[in-house]
S.K.: 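My structure is below; once you've seen it, I'll send some questions.
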Amino acid sequence: MAALAVLTMLSAACGGPGPNPSPSATTAGRYPWHTGIVSTTFWVGEIFDPKAADGSQVMSTYDSRWMQSYGGCDGVEANGCHTEARTQANGYAPKNMTPKENPFYLDLPYDDVNDPVAFAERASVIPWANDPGFAGNAQNRSFSYMKNQWVRIRMGSRECYGQIEDAGPGQYHDKEYVFGSNDARPANKNFNGAGMDVSPALNGCLGFSELDGESDKVDWQFVPRDQVPAGPWLNIVTVSQVK
């Protein structure tokens, strides 16, 4: 979902999706797996609920001009911005626009910049907060530990990767679910208890049953950048911080 503050940009590489991950790819890693998580779909430019503070994807938690930064509606513009089916043929990219940022984006319910609870505890809760490149930013509101972080997502035999560019759905400091090692369920009770929103590119890459539903379930884990394999998720990599 969305909330309030900032920009993002890019870098490159390429490849194809990973429909048949190797055993090592699905089991190895520094971070625990979260399994059977309901995931909905959202997209840059979507107006989910104009009356809600977090009901518009024109802005995101980390980018107050997200749609402008991304390059426009991540879908079809016709009396609003609507989602569309994505295919492997063009790397799951949008069909009618060229994004300036990674189209493989997602959110998780932990806003480490704008939510006061999450901001206060983030340096002690987020596992990589003291790693090189992150350490020393606990009080820096122009820096997010979450934005641009990579996530490995699998559904059935398919495995895809994306970057965090927003926070939600429904909750903004759900540390037990997001960072816990006991496979806790999301605190969110809306949208069939969804614990993640994914972009249209990830929706297509993972083979969701619906373009905009609440029934698809995924497994996911955080993954360091150096463990992200070649794939269309590396064609454009979002790199800029909160502004």
Side-chain angles (χ1 to χ4, degrees), residues 1-6 29-44 46-57 59-63 66 105-129 134 138 141 143-155 160-199 202-203 206 208-210 212-223 242:
M1 296 306 185
L4 41 117
V6 112
R30 171 181 171 185
Y31 305 109
W33 280 98
H34 305 260
T35 62
I37 302 300
V38 173
S39 177
T40 63
T41 302
F42 73 154
W43 54 95
V44 177
E46 175 191 18
I47 305 297
F48 176 72
D49 182 354
K51 297 180 180 179
D54 61 353
S56 169
Q57 312 319 323
M59 63 176 64
S60 82
T61 290
Y62 307 114
D63 189 341
W66 194 22
Y105 54 84
L106 64 133
D107 70 12
L108 287 172
Y110 199 85
D111 174 2
D112 75 313
V113 173
N114 303 293
D115 183 272
V117 174
F119 182 79
E121 68 187 10
R122 63 181 190 162
S124 60
V125 169
I126 298 175
W128 54 87
F134 297 93
R141 289 192 177 274
F143 185 92
S144 169
Y145 294 103
M146 297 296 289
K147 187 178 186 298
N148 305 333
Q149 290 307 296
W150 286 94
V151 175
R152 172 187 285 151
I153 311 172
R154 65 187 180 193
M155 191 173 88
C160 308
Y161 293 74
Q163 290 181 277
I164 298 170
E165 298 302 335
D166 202 358
Q171 299 287 321
Y172 299 97
H173 54 259
D174 190 0
K175 64 181 178 182
E176 288 79 10
Y177 158 60
V178 176
F179 306 114
S181 59
N182 62 346
D183 204 9
R185 300 299 87 186
N188 177 47
K189 302 304 179 187
N190 297 320
F191 322 115
N192 203 20
M196 172 186 290
D197 295 309
V198 301
S199 69
L202 281 166
N203 178 306
L206 291 162
F208 275 23
S209 61
E210 300 176 89
D212 186 16
E214 299 177 4
S215 62
D216 293 288
K217 293 184 178 182
V218 302
D219 302 335
W220 69 270
Q221 71 174 166
F222 293 114
V223 60
V242 175

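The figures that follow rest on heavy atoms only: side chains count, while hydrogens, waters and symmetry mates do not.
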S.K.: Any side-chain heavy atom of Ser209 within less than 4.5 Å of one from Ser215?
M.R.: yes
S.K.: Keeping Ser60 on the side-chain end and Glu165 on the backbone end, is there a donor-acceptor pair under 3.5 Å?
M.R.: yes
S.K.: Is the shortest distance from a Lys or Arg side-chain nitrogen in Lys217 or Asp219 to a carboxylate oxygen in the other one below 4.0 Å?
M.R.: no
S.K.: Of Tyr31, Phe222, Tyr161, which is the lone residue that meets side-chain contact (heavy atoms from CB on, under 4.5 Å) with Val151?
M.R.: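 Among the candidates, only Phe222 passes.
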S.K.: Which heavy atom of Tyr145 sits nearest a heavy atom of Ala123, and at what distance?
M.R.: OH-CB, 4.5 Å
S.K.: Write down the atom of Leu202, the atom of Cys160, and the distance for their closest heavy-atom approach.
M.R.: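 Heavy atoms of Leu202 and Cys160 come nearest at CD2-CB, 3.9 Å.
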S.K.: Supply the atom-to-atom distance Asn203 CG to Thr40 OG1, rounded to the nearest 0.5 angstrom.
M.R.: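 Answer for the CG-OG1 pair, Asn203 versus Thr40, is 10.0 Å.
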S.K.: Should Gln149 and Gln163 count as side-chain neighbours, where that means a heavy-atom distance under 4.5 Å?
M.R.: no
S.K.: Which atom pair, heavy atoms only, marks the closest approach of Asp216 to Glu210?
M.R.: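 Between these two residues, the closest heavy atoms are OD2-N, 3.7 Å.
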S.K.: Can you find a pair of side-chain heavy atoms, one from Pro109 and one from Val178, that are under 4.5 Å apart?
M.R.: yes
S.K.: For Arg122, which of Asp115, Asp112, Asp111 qualifies under salt bridge (charged side-chain N to carboxylate O under 4.0 Å, His left out)?
M.R.: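 The residue from Asp115, Asp112, Asp111 that satisfies salt bridge (charged side-chain N to carboxylate O under 4.0 Å, His left out) with Arg122 turns out to be Asp112.
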S.K.: Got a second to check how far Ser181's OG is from Trp33's CH2, nearest 0.5 Å?
M.R.: 16.0 Å
S.K.: Is the backbone N or O of Gly195 less than 3.5 Å from a side-chain atom of Tyr177, with the two atoms forming a donor-acceptor pair by type?
M.R.: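 It does hold such a pair.
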S.K.: So, is the end of the Arg30 side chain (NZ or CZ) under 6.0 Å from the ring centre of Trp128 and within 45° of the ring's axis?
M.R.: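 Negative - Arg30 is either too far from the ring of Trp128 or too far off its axis.
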S.K.: With heavy-atom distances below 4.5 Å as the criterion, would you say the side chains of Pro186 and Ile37 are in contact?
M.R.: yes
S.K.: Is any side-chain heavy atom of Ile164 less than 4.5 Å from a side-chain heavy atom of Lys147?
M.R.: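 A side-chain contact under 4.5 Å is absent here.
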S.K.: Quick check on side-chain contact (heavy atoms from CB on, under 4.5 Å): which of Asn190, Asn192, Thr41 does Glu214 satisfy it with?
M.R.: Asn192
S.K.: For the residue pair Tyr105 and Phe42, establish whether any side-chain heavy-atom pair is separated by less than 4.5 Å.
M.R.: yes
S.K.: Taking side chain as C-beta onward, heavy atoms only, is Asn188 less than 4.5 Å from Asp174?
M.R.: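 Answer no - side chains too far apart.
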S.K.: Could you check whether any side-chain N or O of Arg152 sits under 3.5 Å from a backbone N or O of Trp150, counting only pairs where one atom can act as donor and the other as acceptor?
M.R.: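 Absent.
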S.K.: Check for a donor-acceptor pair, side chain of Asp183 on one end and backbone N or O of Thr35 on the other, with a separation under 3.5 Å.
M.R.: yes
S.K.: Begin from the C-alpha positions of His173 and Tyr110 and carry the test ring-ring contact (aromatic ring centres under 6.0 Å, His included) through to its verdict.
M.R.: CA-CA 5 Å; His173 54 259; Tyr110 199 85; 7.7 Å; no
S.K.: For Ser39, is there any backbone N or O sitting under 3.5 Å from a side-chain donor or acceptor partner on Asp197?
M.R.: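 Checked: no pair found.
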S.K.: CD of Glu176 to CG of Asn182: how many Å apart, nearest 0.5 Å?
M.R.: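 Atom-to-atom, Glu176:CD and Asn182:CG are 9.0 Å apart.
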S.K.: Check His34 against Pro32 and note the closest heavy-atom contact, atom names and distance.
M.R.: CD2-O, 3.5 Å
S.K.: If you look at every heavy atom in Met196 and Val218, which pair is closest and at what distance?
M.R.: SD-CG2, 4.3 Å
